[in-house]
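Take a look at the structure below.
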Protein chains: 2
Amino acid sequence: MVTINDIARLAGVAKSTVSRYLNGGSVSAKTKEKLDRIIAETEYTPNAFAQSLKSKKPSMIGIIIPRLNSYATNEILSSIDEELRNKQYQLLITNTNQDIDREIENINTLSRQKVAGIIILATVITPAHMKAIRSSGIPVIFLGQKAKDSYSIVHDEIEAGRSIGQHAADLGHKKILYVTVFEDDVAVGQLRKKGVLDALSEYKDIEVKVITSDFNYQKAYEQALSYLPKSDATYCICATDNIALAVYKAAVTLGKKVPTDISISGFGGYDITNLVTPSITTVKYHYKEMGRIAVENMIRLIEGEEVLKCITLGNEFQPKESTAKL
Amino acid sequence: MVTINDIARLAGVAKSTVSRYLNGGSVSAKTKEKLDRIIAETEYTPNAFAQSLKSKKPSMIGIIIPRLNSYATNEILSSIDEELRNKQYQLLITNTNQDIDREIENINTLSRQKVAGIIILATVITPAHMKAIRSSGIPVIFLGQKAKDSYSIVHDEIEAGRSIGQHAADLGHKKILYVTVFEDDVAVGQLRKKGVLDALSEYKDIEVKVITSDFNYQKAYEQALSYLPKSDATYCICATDNIALAVYKAAVTLGKKVPTDISISGFGGYDITNLVTPSITTVKYHYKEMGRIAVENMIRLIEGEEVLKCITLGNEFQPKESTAKL
DNA sequence: GTGAAAGCGCTAACAA
DNA sequence: TTGTTAGCGCTTTCAC
């Protein structure tokens, strides 16, 4: 490996001069020229470890994600990646495979790697999270769930729920099935549901039944195969687009027509809701925006500036082919 | 920040003793006890930069991916991540957004970060790639494309192409449209096509027309809207599942029934081919396996052992609802 | 503008 | 078993 010492030796200058040049300090034209040539010839690149060790200013941001193969994750990740790139930071991604313990573990790993800050795509936030964060001593931003004593950026889940609930009511449906997920996930399992039920509760003649399903497509599908035949609902509101796709597939498998026999909608605004036929009614969340703001705030935090504790992003109701008038 | 020096001072021992203890060396029971307590109290974690600086044995593997939101990428990434985790390596992911220049740039960035090795999900491999790799001096493994002077793991594209071609012929189709991608991508743009055409060339009465489309769903969709009406093909073989989905959507938009009016198939075995109705005939590639082997080989390379220059993975033809007898 | 020297946090001889 | 010492490659004073 070629080091700054080699360059200095070859150029006949002190390594401090090389360092200064590399970091934009002033050197004589002659030195600059020599250095340019030698660095190019040797293909020298500074050792990032040594740099970070000395300067104390880490150049990496860590991100903890529950799983890779999710539309939301990908959208957020791409936008964070793009933004970070502009700011000369590297992204260190760690995957927890939906394992809460690994989430804590990863906070510690990342802090060992001396990342400048950590962004977490959260599902649940436990006291163990908060403890690990405090002891890491670096800024942490939660995405998707509100953290009491930390920074977070969330979607307006209640608003999203209300718009779908209102939509179902507007279409004249009286028997509605709401397919939710476990309540540990506050944003999806509680708030989203609250929004839907709030909107529907204003109609005395609407009957809502709630069923708890799973983020996992396969599980959601199998479950739907069993509860759909027993249900007389004409509209099935699913807590995620993924579940909506599963329910749709189950409905088709059971010989039901969508939306003629049953209307189906999701949440999220995944691209795939447009790919299928009929396209699926959903509420589009602003994932890219979320990533952008996360990076912006993270950098402000790293630089010791103030940012809002919690930012709530709006969303956009998108009626499509999978829902229709009763 | 608490350092090894602080621990040593608090425990009244030399920092080398602390280091030895931390790295599994032997210390007296009394020292061990003291160290345990103090490390727990101070929540000390070693600085990974300093460790890597000294030991020269980096603990990160870099991976360069063309884009985040692809099923293949996600599958490979998850499996690499999982394997690496077992081996105590961290994954450093960099995204190029399908920009070749950024691919080269990222090879350099990663080498600056002193990763132990680099895995590249390649689309094309240029001399510039090889130059950057050589000058980095660390092991590089290409996934999906065969590299002349480096290591690679690829899918058997020709075999995959042949099985789809054979399938179309078996179903009795005489007019076939093959939708490919630009030839710069050797694996997808050349070999896959070659496999299909090879299989079909044995039938004198089969007529194949080739059209070049795009990996991008939206572009593929718009293109399909324009060429499908002019085509009398009864089977459309698409070079990727993504394109197949786009063509399917276009066919539906144009009022064609699948598979009655036109059969459609893809390549890849993406999950989504099962989600849509009709499900899409495809060839399943072994992405997880690819990731697993990549990690295995990478670690052998890092440890200076020998591995095969090129490994070719088989694949699995999966007929589904989107293709039918003429 | 340049170089000498100190030190970032850690590991790895080597001696004790 | 333990401490001393010498760096790893780099940045950063501080004289010159």
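Protein chains get the first letters and strands the later ones, always in sequence-line order, with residue 1 at the start of each. Being a predicted model, the structure only gives us computed values, none of them experimental.
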So which protein N/O to nucleotides 2-4 of chain D N/O distances come out below 3.5 Å?
unit_1 : atom_1 : unit_2   : atom_2 : d
dT2(D) : OP1    : Ser28(B) : OG     : 2.8
dT2(D) : OP1    : Thr31(B) : OG1    : 2.6
dT2(D) : OP2    : Ser28(B) : N      : 3.0
dG3(D) : OP2    : Ala14(B) : N      : 2.9
dG3(D) : OP2    : Thr17(B) : OG1    : 2.7
dG3(D) : N7     : Ser16(B) : OG     : 3.2
dT4(D) : O4     : Ser16(B) : OG     : 3.1

Side-chain N,O (Asn5(B)) to OP1/OP2 (dC10(C)) below 4.0 Å: no
When the distance from OH of Tyr21(A) to C1' of dT11(D) is rounded to whole Å, what number comes out? 17 Å
Among all residues two or more places apart in sequence or in another chain, which pass the side-chain hydrogen bond (donor to acceptor under 3.5 Å, both in side chains) test with Asp99(B)? none
Mind grabbing the angle between the end helix axes of the helix from dG1(C)-dC16(D) to dA16(C)-dT1(D)? Five pairs an end, 10° rounding. 30°
Leu53(A) CG to dT11(D) C1', in whole Å, measures 10 Å
Contact check, residues 36-46 of chain A vs DNA chain D, heavy-atom distance under 4.0 Å, returns Tyr44(A), Pro46(A)
Round to a whole Å and report the spacing from CD1 of Ile4(A) to C1' of dT12(D). 12 Å
Quick one: list whatever passes salt bridge (Lys or Arg N to Asp or Glu O under 4.0 Å) with Arg9(B), sequence neighbours left out. Asp6(B)
Pairs where residues 71-107 of chain A contributes a residue and the test ring pair (Phe, Tyr, Trp, His ring centres under 6.0 Å) is met, not counting sequence neighbours: Tyr71(A)-Tyr270(A)
Does anything in residues 26-54 of chain B form a ring pair (Phe, Tyr, Trp, His ring centres under 6.0 Å)? List the pairs, not counting sequence neighbours. Phe49(A)-Phe49(B)
Euclidean distance, atom CZ of residue Phe49(B) to atom P of dT11(C) [Å, nearest integer]: 15 Å
Going by the rule side-chain contact (heavy atoms from CB on, under 4.5 Å), which residues pair with Ser150(A) if we only count those two or more places apart in sequence or in a different chain? Met130(A), Val140(A), Phe142(A), Ala147(A)
Establish, with yes or no, whether the OP1 or OP2 oxygen of dC8(C) is under 4.0 angstrom from a side-chain nitrogen or oxygen of Asn47(B). no
Inter- and intrachain pairs under ring pair (Phe, Tyr, Trp, His ring centres under 6.0 Å), touching residues 102-125 of chain A, at least two apart: none
Rounded interatomic separation in angstrom, taking NZ from Lys54(B) and P from dC8(D): 7 Å
Quiz question: by atom type and distance under 3.5 Å, do the side chains of Gln90(A) and Arg85(A) form a donor-acceptor pair? no
Once side-chain contact (heavy atoms from CB on, under 4.5 Å) is applied, do any residues pair with Glu183(B), and if so which ones, sequence neighbours excluded? Gln190(B), Lys193(B)
Could you tell me how far apart Gln113(B) (CD) and dG9(D) (P) are, to the nearest whole angstrom? 17 Å
Distance check needed: dG1(C) P versus Lys30(A) NZ, whole Å only. 14 Å
Identify, with sequence neighbours excluded, every residue that meets side-chain contact (heavy atoms from CB on, under 4.5 Å) alongside Glu43(B). Lys131(A), Ser135(A)
side-chain contact (heavy atoms from CB on, under 4.5 Å) partners for Arg292(B), two or more places apart: Glu83(B), Glu289(B), Glu296(B)
Quick one: do Thr312(A) and Ile153(A) satisfy side-chain contact (heavy atoms from CB on, under 4.5 Å)? Show the steps, please. CA-CA 6 Å; Thr312(A) 303; Ile153(A) 304 173; over 6 Å; no
According to a strict under-4.0 Å criterion, is Gln51(A) in side-chain N/O contact with OP1 or OP2 of dG9(D)? no
